[in-house]
4 protein chains.
Amino acid sequence: MPDTEKKQRKKADSPGTKEKILAAALEDFGEHGLSGARVDRIAQNAGVNKAMIYYHFNSKENLYREVIRKHLIRNITAMRGHLEMGDFELVLTTVSETYFQMFNQRESMSRLLLREMAHSGGPVTDEIIKGISESRLPEQVLSVMADGVESGALRDVNLRQAWVSFISMNLGYFLLSPFINRILNITEPEQFLAERKTAVVDLFLNGVIAR
Amino acid sequence: MPDTEKKQRKKADSPGTKEKILAAALEDFGEHGLSGARVDRIAQNAGVNKAMIYYHFNSKENLYREVIRKHLIRNITAMRGHLEMGDFELVLTTVSETYFQMFNQRESMSRLLLREMAHSGGPVTDEIIKGISESRLPEQVLSVMADGVESGALRDVNLRQAWVSFISMNLGYFLLSPFINRILNITEPEQFLAERKTAVVDLFLNGVIAR
Amino acid sequence: MPDTEKKQRKKADSPGTKEKILAAALEDFGEHGLSGARVDRIAQNAGVNKAMIYYHFNSKENLYREVIRKHLIRNITAMRGHLEMGDFELVLTTVSETYFQMFNQRESMSRLLLREMAHSGGPVTDEIIKGISESRLPEQVLSVMADGVESGALRDVNLRQAWVSFISMNLGYFLLSPFINRILNITEPEQFLAERKTAVVDLFLNGVIAR
Amino acid sequence: MPDTEKKQRKKADSPGTKEKILAAALEDFGEHGLSGARVDRIAQNAGVNKAMIYYHFNSKENLYREVIRKHLIRNITAMRGHLEMGDFELVLTTVSETYFQMFNQRESMSRLLLREMAHSGGPVTDEIIKGISESRLPEQVLSVMADGVESGALRDVNLRQAWVSFISMNLGYFLLSPFINRILNITEPEQFLAERKTAVVDLFLNGVIAR
DNA sequence: GATGAATGAGCCTTCATTCAT
DNA sequence: CATGAATGAAGGCTCATTCAT
């Protein structure tokens, strides 16, 4: 049947055209933002014709959506799997590690997220939030901390404030690294980053644990 | 009273045209970023002719530079004055307060800074960094903390890591608030923000103080 | 007949869009000069979208370059073919004829060249000069004249001065015709032009031949 | 009377403001043409406020007119004085000399004239032509030549063609010098120019004199 | 699927000109 | 006379998007 053939070809034909576009788009959106990105440039860096972008995705904005969907949300929801509840310190370490993996794999990623957050009402804000909410991660951690407070293991701190602080500590360096590196004269960012995971967990734990 | 406003002067008049442009520009750059901002829109919101932007500033990018120069760097360097060394907790509180004042006065500001930081190689990165460096704030705080470690008052933590964490905790909510508010279901951001100052200092202090 | 026009091809079609632009551009540049020409006007007269000018050529200035390249340099280098050495008078006549053909075919051309020469450091000066040099025309004529002087057929005149005079005589009317026609009250320029070829060669020959 | 005072000041006040503007304008128009010239630039180079240009002259185009009036037409009409009829060769030499003086004094001048001629229907074409006609120079020379032909001293050439050739030979180098210098590899233009006057007259005389 | 050509709206910038002082 | 500020009308160029093949 020709139909069958066609369908199979459809998948086989474009050898990763969509993927090449998505990769180039991630780079460009990360580097220049939604309005600063250029469809021509993305097409050229992907090695495809510009019209193909409109064939596969329908608009620049939709491409942006898909990029975030693929690279960001996928990672966030994947976090759920890695997070089997247990020791509080282990939970914190796991969360930290996931963030570090997520943002470290591709430099463009953090920039992309940054810009998106700066937009607030941007096109994919809702989806990101939905992704995070569905991961139920904040909920779980807050509940673990609540248990800790109740059992007297943790100080009676404002849990949501604490959680915001923890997230901020984790993301902070990714968001601010170009600045921090120069201001603090950090010459080996990789090493600083490697130390950071434990430093963050250590500071936070000492900050909340009862004494 | 005479000379209440500045209407009677012959020259150097231009009743705040530059200021009106700068204000409108801050809004637009904060809302849409450098590339997303529109010169027409800025002119219209400032109530001036579009060409005046090029008369007073020379290009869109230069206007951007001036906006940051005026609103950001001015604040950062002003911090120096407020920071007479004293009690460690007082220092932290002062720093926190300055950040909170700085970003709270105008919503656009945090978005502007956010975007600028995401750019890294952006047009004013150097100036911002210079402004911060000249304020000598990081230097001072690090030295205070070093004293604390030496005297045994503070745990032997990596100071730069701790400092990055403190900055991140302070800026984090400003940068991420649109997300955080919805994810943590924060219905009264003002109150959350008001609590935040002390929460941040409290968590950090407990995190570093020797026990 | 099949394939009369070029409508059936798949690619490389664009039924002469580039050519239409070049033609309209020649007119506009000739009429108003590089800075006086208007891209909108060129596009409209060519019957194409303004953006196509930037698609096919990359800037107004580059379009200008291409116009000259196509219409001027092509003619100059073509001269080489017509110039088989022979009788001195024949050489002069050939040169004259080429100039007359070149500038007579399109009124805009002479104006274009005129303006370009007035610019000296203009964008295509180098190319024009290269085109002329490569045609080796001046070289050849000078050498023929040198032979004439040596054999005693020609007076011992300054050859380069003579050559400049000959060129000037040939181009002069094209450059100055709007003025000359009115000052000398020439009511039938075509006839004056037709007589000019022989008049120029005659005057020059008599001026240099030994007596 | 204050009125008297004012009037006298009027003339005395601006110490050559108009002149400074005219000088700067000549330069700019010569360098960039009517449409390429910039009022700002002229004002700046003249060291006056831009509005002054509109105070003294009324528009860019009118300034252009005045520049030509002052620098070109003045010269052309001045020629009349220098031209007392006499020996034919003397007449030719005088004409040549006048042209050479006129164009040699200011480099911008020839470019200005060139551009104006390329415009044909330009704003001052009429005035230039009127200036030339009123100088009666062409008329006089043609009549001298006619006498020469009648007396048998000159060959029976087409007088108007000959006159056009003579003018072209005189102006040619000025118009084409940037090109000619490079094509003929003329390294000392001043010397070439100095030789040119006699070369032109010599060639023309030999071309028309009966043999 | 893929491509080169085409389009229309809009953007940043410039410029001749005017106005208030 | 002189000036700084202001204006409106383009002008060159870009860009997301679409079309024909």
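In what follows, chains carry the letters A, B, and so on, assigned in the order in which the sequence lines appear, proteins first and then strands, with residues in each chain numbered from 1. Just so you know, these numbers use all the heavy atoms, side chains as well, and skip hydrogens, waters and symmetry mates. This structure is a prediction, so every number in the text was calculated from the model and none was measured.
The separation between B:Ile53 atom CD1 and F:dG8 atom P is 14 Å, rounded to whole Å. Rounding to whole angstrom units, NZ of residue B:Lys60 and C1' of E:dG10 are separated by 12 Å. Remark: P of E:dG10 and CZ of B:Arg41 are 12 Å apart, rounded to the nearest angstrom. For the pair A:Asn62 CG and F:dA16 C1', the interatomic distance rounds to 14 Å; values are reported in whole Å.
Looking at heavy atoms from C-beta onward, B:Val39 lies in side-chain contact with B:Tyr54 at the 4.5 angstrom threshold.
With sequence neighbours excluded, the residues satisfying side-chain hydrogen bond (donor to acceptor under 3.5 Å, both in side chains) with B:Glu66 are B:Arg69. For B:Lys50, the salt bridge (Lys or Arg N to Asp or Glu O under 4.0 Å) partners two or more places apart in sequence, or in a different chain, are B:Asp40. For D:Lys70, the side chain to side chain contact (heavy atoms under 4.5 Å, CB included) partners are D:Glu19, D:Leu22, D:Arg74, not counting sequence neighbours. Residues meeting the side chain to side chain contact (heavy atoms under 4.5 Å, CB included) test with D:Ser35, sequence neighbours left out: C:Ser35. For B:Arg41, the salt bridge (Lys or Arg N to Asp or Glu O under 4.0 Å) partners are B:Asp28, not counting sequence neighbours. Taking the side chain to side chain contact (heavy atoms under 4.5 Å, CB included) definition, one finds that B:Ala24 meets it with B:Ile42, B:Asn45, B:Ala46, sequence neighbours left out. Judged as a side-chain hydrogen bond (donor to acceptor under 3.5 Å, both in side chains), and not counting sequence neighbours, the contacts of C:Asn62 are C:Arg65.
Side-chain nitrogen and oxygen atoms of A:Arg38 include none within less than 4.0 Å of the OP1 or OP2 phosphate oxygen of F:dT14. Neither OP1 nor OP2 of F:dT14 sits under 4.0 Å from any side-chain N or O of C:Tyr54. Proximity of C:His56 to the phosphate of E:dG4: no side-chain N or O atom is located under 4.0 Å from OP1 or OP2. In this structure, A:Thr17 reaches the E:dA2 phosphate: one of its side-chain N or O atoms is under 4.0 Å from OP1 or OP2.
Position along DNA chain E of the nearest nucleotide to B:Asp40 versus C:Tyr55 favours C:Tyr55 as the more 5'-ward residue.
For DNA chain E, the residues of residues 42-52 of chain C within the heavy-atom distance limit of 4.0 Å (strictly under) are C:Asn49, C:Lys50, C:Ala51, C:Met52, sorted by number.
Stretches of at least 3 consecutive Watson-Crick or G-U wobble pairs, with each checked distance under 3.5 Å, appear in DNA chain E as E:2-21 with F:2-21.
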